[in-house]
Number of protein chains: 2
Amino acid sequence: MSKDTRLARVAHVLVHMSFNEGTATSETIAAMLDTNPVVVRRIMGALREGGYVSSERGPNGGWRLERPLREITFLNIYRAFDPGSPFTIATSDDHPKCVVERAANRALSLALSEAAARFEQSLSKITLDQLLPRKT
Amino acid sequence: MSKDTRLARVAHVLVHMSFNEGTATSETIAAMLDTNPVVVRRIMGALREGGYVSSERGPNGGWRLERPLREITFLNIYRAFDPGSPFTIATSDDHPKCVVERAANRALSLALSEAAARFEQSLSKITLDQLLPRKT
DNA sequence: CAATATCGTACTAGTAATAGTTACGATTAG
DNA sequence: CTAATCGTAACTATTACTAGTACGATATTG
């Protein structure tokens, strides 16, 4: 599978958007990310549902940042994408009735959920304003 | 990407192998996992390098468990597979010179490595003998 | 109302990892 | 020598993504 880079990319974009009041079009943002406007619409669309950005159609439309950077965390963004498991590792399903397989799956699931909880905890501490360049 | 189920599957197999002294052929193990002997050889081959199992060729050959279950942890198995990142999430690489992107990548990398450390810590506490059915 | 800018979205293509399969060679017991 | 078994290369299938194409919907402007 190719990796999911949406979180890092959109964090990057939102910080740049905060530099310019007004709206940025999908095309402009796509140029920033070396990609296609459709990719941008998909990513930004997910954030819109959480109220972090808004969009307007038609001429002079585009995307607008709706919250200050310090009020948006990596966890907010991560959850906006409605992600499945962030792991490439999963339990097995060969013999669902085998008590040994079930015990192995239970142990692995616990380790995965502990790691996922730690990941979300770390994400919750990162706000977008922390990404601003220091003004020495 | 399809998910990596090797850890759960091989843990299951090793526990069953402990029930029978002697060797188990790749074919026998493959039947247990509903798969093909070649898949088994690939998975078991990785464990052989860590000394957890050994293999013998020729008639009456097969795979033998070389360590007691309580001395094999999920972390031992996980590392035997020489895994890359266990995450589906990665940093972005669109504008490596942009200070904002770099800051976003740094923050995300830290969260990922904290979660990975937690995962390995959890795996290190699971020994295979914990998967044995309780004899009430 | 016409023209154009812009988002919305369904559909297809590309990608990267494990899983599965086939084929065949190497080794060893008897 | 024969048969059982592992070793491994090469190829295909599956899965779950991201990336890209095409076209429709909507809103502004004159």
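Just so we're on the same page: letters track the sequence lines, and every chain starts at 1.
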A.B. asks: Rounded to the Å, how far apart are A:E49 CD and C:dG8 P?
C.D. replies: 11 Å
A.B. asks: If hydrophobic clusters are built by linking Ile, Leu, Val, Met, Phe, Trp and Tyr wherever their side-chain heavy atoms come under 4.5 Å apart, do B:L110 and A:L128 end up in the same one?
C.D. replies: no
A.B. asks: Could you give the distance from CD1 (A:I43) to CG (A:L33), rounded to the nearest 0.5 Å?
C.D. replies: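 Answer rounded to 0.5 Å: 6.5 Å.
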A.B. asks: How many whole angstroms separate atom CH2 of B:W63 from atom C1' of D:dC6?
C.D. replies: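 Those two atoms, CH2 and C1', are 7 Å apart.
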A.B. asks: When you measure only distances, ignoring hydrogens and angles, does the side chain of A:R42 come within 3.5 Å of the base of D:dG20 through a donor and an acceptor?
C.D. replies: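 Such a pair is found, so the answer is yes.
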A.B. asks: Name the nucleic acid region contacted by B:G62, choosing base, sugar-phosphate or nothing; use a 4.0 angstrom heavy-atom cut-off, strictly under.
C.D. replies: sugar-phosphate
A.B. asks: Please give, in whole Å, the distance from C:dA19 P to B:R9 CZ?
C.D. replies: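 Going from B:R9 (CZ) to C:dA19 (P), I get 6 Å.
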A.B. asks: I need the CD-P distance between A:E27 and D:dG20, as an integer number of Å.
C.D. replies: 13 Å
A.B. asks: Respond yes when some side-chain nitrogen or oxygen of A:T88 is under 4.0 Å from OP1 or OP2 of C:dA17, and no when none is.
C.D. replies: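 The answer is no; no side-chain N or O of A:T88 sits under 4.0 Å from OP1 or OP2.
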A.B. asks: Do the side-chain N or O atoms of A:S55 get closer than 4.0 angstrom to the phosphate oxygens (OP1, OP2) of C:dG8?
C.D. replies: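 Affirmative; the distance criterion is met.
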A.B. asks: Salt-bridged, B:E120 to B:R79, with N to O below 4.0 Å?
C.D. replies: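 Looking at B:R79 together with B:E120, the answer is yes, because their closest N to O distance falls below 4.0 Å.
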A.B. asks: Hey, does B:T5 reach any base, or is it just sugar-phosphate, or nothing, if we go heavy atoms under 4.0 Å?
C.D. replies: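 It contacts sugar-phosphate atoms only.
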A.B. asks: Would you say A:T28's side chain and A:A24's backbone share a donor-acceptor pair under 3.5 angstrom?
C.D. replies: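 No, the answer is negative, given that no donor and acceptor are paired below the 3.5 Å cut-off.
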A.B. asks: A:T35 side chain N/O closer than 4.0 Å to the phosphate oxygens (OP1, OP2) of D:dT18?
C.D. replies: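 So the side chain of A:T35 is outside the cut-off, no N or O lying under 4.0 Å from OP1 or OP2 of D:dT18.
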A.B. asks: What is the distance, to the nearest angstrom, from the CD atom on B:E56 to the P atom on D:dC6?
C.D. replies: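 Rounded to whole Å, this separation is 10 Å.
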A.B. asks: For the atom pair OG (B:S113) and CZ (A:R118), what is the distance rounded to the nearest 0.5 Å?
C.D. replies: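 The distance works out to 9.0 Å.
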A.B. asks: Give every residue pair that meets the salt bridge (Lys or Arg N to Asp or Glu O under 4.0 Å) criterion with at least one member in residues 12-40 of chain B, sequence neighbours excluded.
C.D. replies: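 Every candidate salt bridge (Lys or Arg N to Asp or Glu O under 4.0 Å) pair involving residues 12-40 of chain B fails, so no pair, neighbours aside, qualifies.
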A.B. asks: Quick one: the side chain of B:R6 and the base of C:dA17, do they pair up donor-acceptor inside 3.5 Å?
C.D. replies: no
A.B. asks: For B:N36 and D:dT8, give me the distance from atom CG to atom C1', rounded to whole Å.
C.D. replies: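 Taking CG of B:N36 and C1' of D:dT8, I get 13 Å after rounding.
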A.B. asks: Does A:T25 place a side-chain N or O at less than 4.0 Å from the phosphate oxygens OP1/OP2 of C:dA5?
C.D. replies: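 No.
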A.B. asks: With distance as the sole criterion, do the side chain of B:R48 and the base of D:dG7 form a donor-acceptor contact below 3.5 Å?
C.D. replies: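 Between D:dG7 and B:R48, which were checked side chain against base, a qualifying N/O pair under 3.5 Å is absent.
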A.B. asks: Does the protein touch nucleotides 23-30 of chain C at the base, only the backbone, or not at all? Give it as B, S and - per nucleotide, heavy atoms under 4.0 Å.
C.D. replies: B-BBBBSS
A.B. asks: Whole angstroms only, please: what is the CG-P distance between A:D4 and D:dC17?
C.D. replies: 8 Å
A.B. asks: Without decimals, in angstroms, what is the distance between A:I29 CD1 and C:dC7 C1'?
C.D. replies: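 Answer to the nearest Å: 12 Å.
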A.B. asks: Using only atom types and a distance under 3.5 Å, with no angle test, would you say the side chain of A:N20 pairs donor to acceptor with the backbone of A:M17?
C.D. replies: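 Such a contact is absent between A:N20 side chain and A:M17 backbone.
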